[in-house]
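Numbered from 1 within each chain, the chains take letters A, B, ... in sequence-line order. What's counted below: heavy atoms across the whole structure, side chains too, no hydrogens, waters or symmetry copies.
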Amino acid sequence: MLLSQLFGKTQKETPREADTISHRLLLRAGMIEQVASGVYSYLPLAQRIIRSIEAIVRDEMNKAGGQEVTLPVLQPIELWQKSGRDRAFGESLFTLTDRKGQSLVLGPTHEEVFTEMVKRHVQSYRDLPLMLYQIQSKFRDEPRPRGGLLRVREFTMKDLYSFDQDEEGLDQSYQKMARAYQNIYRRSGLNAVMVEADSGAIGGKESHEFILPAESGEDEIVSCTLCGYAANMEKAAAVKSRLEEEEEKPLGEVFTPGKKTIEEVTGFLNLEKEKTLKSVFYNADERLVLAIIRGDYEINETKLKNALKVSRLTLASHEDILRAGIVPGSASPIGLKEILVIADDSVLSGRNFVAGANRPDHHLLNVNCPRDFEADLVLDIARVREGDPCPRCGGNLKISRGIEVGHIFKLGTFISERLGAYFTDASGSQHPIIMGSYGIGIGRLMAAAVEQNHDENGIIWPASIAPYQVYLCPIFAGNTGVSDAAENLYHALEEGGISTLVDDRSESPGVKFNDADLLGLPLRITISPRTIENRCAELKWRDEKSSSLLPLDGLAEKVKSFLQARSTAKSGT
RNA sequence: CGGGGUGUAGCGCAGCUGGCUAGCGCGCAGCGUUUGGGACGCUGAGGUCGGAGGUUCAAAUCCUCUCACCCCGACCA
């Protein structure tokens with residue numbers, strides 16, 4: 001391809017809205033363009049990258065036993081009402097009305113429509129197991145798109161669904177997908193880690209995410225360097241410290257004028273935070289609940305939400321709390337009636353805590369659970385803290401950030417039961433099909449690849465997903481020796497099956513080299529009067545500093561073998 | 001939805017205490033000189049100043065409403 005013919009220009013300056021590295025670089029490289037908030041166009045270079053990623057994904061899905069189909073984006077809302085997920089998705093669901101007044105949904109995911117199809121074709125256990133997938137557009141009206149391609153409202157996703165007759169079958173399908181996903185990231189030149197994930201309010205027992213470590217990532221990851229335990233913060237657990245044993249002392253009260261927060265109260269009473277109980281009120285599906293936790297911990301709202309089995313959970317406002325006749329800042333579960341109390345198990349880890357007295361400017365001393373109050377539920381609802389002990393081995397837990405580039409779920413029978421997707425087993429009885437769901441965002445993967453592979457000059461594409469392998473850079477092309485050599489090499493490379501982008505513009509060397517760095521193709525080959533003097537060309541790998549001169553004779557063949565050698569070294573095969 | 005911010009040429013920005021022909025840099029077109037890490041000179045094209053309404057002799061500039069976009073939070077299979 002001639003650069004002069006390529007649609008999409010590089011830019012020196014970054015559009016103002018771009019904050020995230022991948023967003024800036026992809027915009028500057030002329031690869032993507034924003035059309036609306038969270039909606040992007042892909043220009044030719046990006047399109048080639050996307051195609052390469054899709055090819056790898058498709059290959060791994062096929063190898064794992066998946067069969068590709070294409071199901072519609074446009075889906076009747078009834079399907080979503082049947083599964084009940086129209087409510088779970090709520091505002092995120094893009095809906096529209098056709099000319100007959102019929103409501104349709106732009107699919108945010110495709111469990112329903114796949115299940116509906118499978119239901120008509122699968123009656124017997126002999127039809128199982130089954131794995132179907134597609135690479136298709138998804139639409140989600142995200143509250144806030146962000147980070148360029150990292151969180152968008154329209155995106156391409158590979159989604160595969162597994163259908164099995166029993167748990168063992170599901171386990172096998174799940175393992176196959178976990179392996180396929182790891183192959184995909186390895187082949188794409190990306191270093192993704194598999195972590196335990198929250199499976200959401202609806203659906204399955206087990207779920208994992210694949211996370212690319214990156215500062216710009218939205219997900220917090222908890223990991224243990226000792227034993228390899230890794231989990232999304234939403235799901236992560238840690239061992240909680242136990243406080244020193246002491247006798248239960250009698251309940252008392254203390255005057256704490258104007259002291260409301262844990263900091264103020266502990267400062268005033270000269271106490272450690274861990275000797276207090278923190279009371280936090282939430283609106284859980286319209287109902288006020290009290291969560292209580294030891295003062296040195298914070299509440300993990302995902303865990304709380306799951307424990308309460310609600311779909312909406314928001315922090316209660318002062319007004320909400322006052323309306324219930326409670327004193328914000330001095331609240332505690334003691335003597336509270338008619339409010340659901342859920343406690344973190346840390347409240348059982350010590351004795352004689354300080355807690356609110358439920359009257360202004362007073363706190364209680366020596367509060368003990370269950371002597372002074374009982375919780376309706378006691379379980380782990382705490383956020384893991386940096387350095388907390390690992391739940392597996394006791395090692396120190398670390399917290400880092402990452403981008404979610406894949407998510408796999410054991411869905412179970414939630415959808416199949418609601419949509420009536422049953423099969424007949426060998427003994428003739430009916431069972432709901434057991435499902436799994438496995439998604440990977442293609443565009444996000446591209447952006448994440450940039451987040452992970454760049455330097456101050458631009459992108460450094462892993463060769464397997466690079467839009468072209470070679471940036472052929474003739475300089476002073478007015479020189480016929482240079483232009484002839486470049487043209488010969490270009491043809492030889494193309495004939496050898498090596499995709500090449502030729503910078504045939506009459507720009508100065510500096511401009512060309514800077515664009516080469518920005519676009520990030522793996523290998524730059526420069527031909528100039530200086531190099532052809534010795535019948536040579538200069539080769540420089542994007543991810544290396546130094547360059548080398550090699551004879552033009554037989555260069556295409558050599559380049560081919562270099563590229564092959566590198567790709568086998570990278571993929572570790 | 002709450003908080004903060006921005007809309008002026010393809011991109012980045014200035015102008016905004018009301019003042020006349022709306023500027024600068026990059027990019028773009030033409031010509032010439034250059035050229036191993038974002039060259040230079042000359043000439044030129046390109047703008048309903050996000051939109052609507054208002055105040056005024058006069059609005060990019062002041063007022064009201066509105067739309068879009070970005071960031072933080074809420075939210076997020």
Of the options [options], whose atoms approach the side-chain atoms of [X] most closely?
{"X": "A:Ser508", "options": "B:G25, B:U35, B:A77", "value": "B:U35"}
{"X": "A:Ser37", "options": "B:G37, B:A77, B:C69", "value": "B:C69"}
{"X": "A:Arg146", "options": "B:C11, B:A74, B:G38", "value": "B:A74"}
{"X": "A:Lys540", "options": "B:A77, B:G37, B:G38", "value": "B:G37"}

[X] side-chain N/O to [N] phosphate OP1/OP2 under 4.0 Å:
{"X": "A:Gln34", "N": "B:C70", "answer": "yes"}
{"X": "A:Arg144", "N": "B:A74", "answer": "no"}
{"X": "A:Lys305", "N": "B:C76", "answer": "yes"}

Q: Test the A:Arg524-A:Phe513 pair against the cation-pi criterion, namely NZ or CZ under 6.0 angstrom from the six-membered ring centroid and within 45° of the ring axis.
A: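 Yes - A:Arg524 lies over the ring of A:Phe513, closer than 6.0 Å to its centre and within 45° of its axis.
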Q: Can you check whether any acceptor in the base of B:G12 is under 3.5 Å from a donor in the side chain of A:Arg28, or vice versa?
A: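 No pair found.
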Q | N/O donor-acceptor pair, side chain A:Glu538 with base B:G36, under 3.5 angstrom | A |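 Such a pair is found, so the answer is yes.
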What is the nucleic acid contact for [X], judged by heavy atoms within less than 4.0 Å: base, sugar-phosphate only, or nothing?
{"X": "A:Ile415", "answer": "nothing"}
{"X": "A:Gly148", "answer": "nothing"}
{"X": "A:Thr531", "answer": "base"}

What nitrogen or oxygen pairs link the protein and nucleotides 41-46 of chain B at under 3.5 Å?
none

List, with names and distances, any nitrogen or oxygen atoms from the protein found under 3.5 Å away from nitrogen or oxygen atoms belonging to nucleotides 27-30 of chain B.
none

Q | Integer angstrom distance from the C1' of B:U8 to that of B:G23 | A |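 It works out to 10 Å between them.
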(Q) I'd like the P distance from B:G10 over to B:C28, given in whole Å. (A)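 These two P atoms come out 15 Å apart once rounded.
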Q: Counting Watson-Crick and G-U wobble pairs only, both distances under 3.5 Å, name the nucleotide matched with B:A9, or none.
A: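 Check on B:A9: unpaired, no WC or wobble geometry under 3.5 Å.
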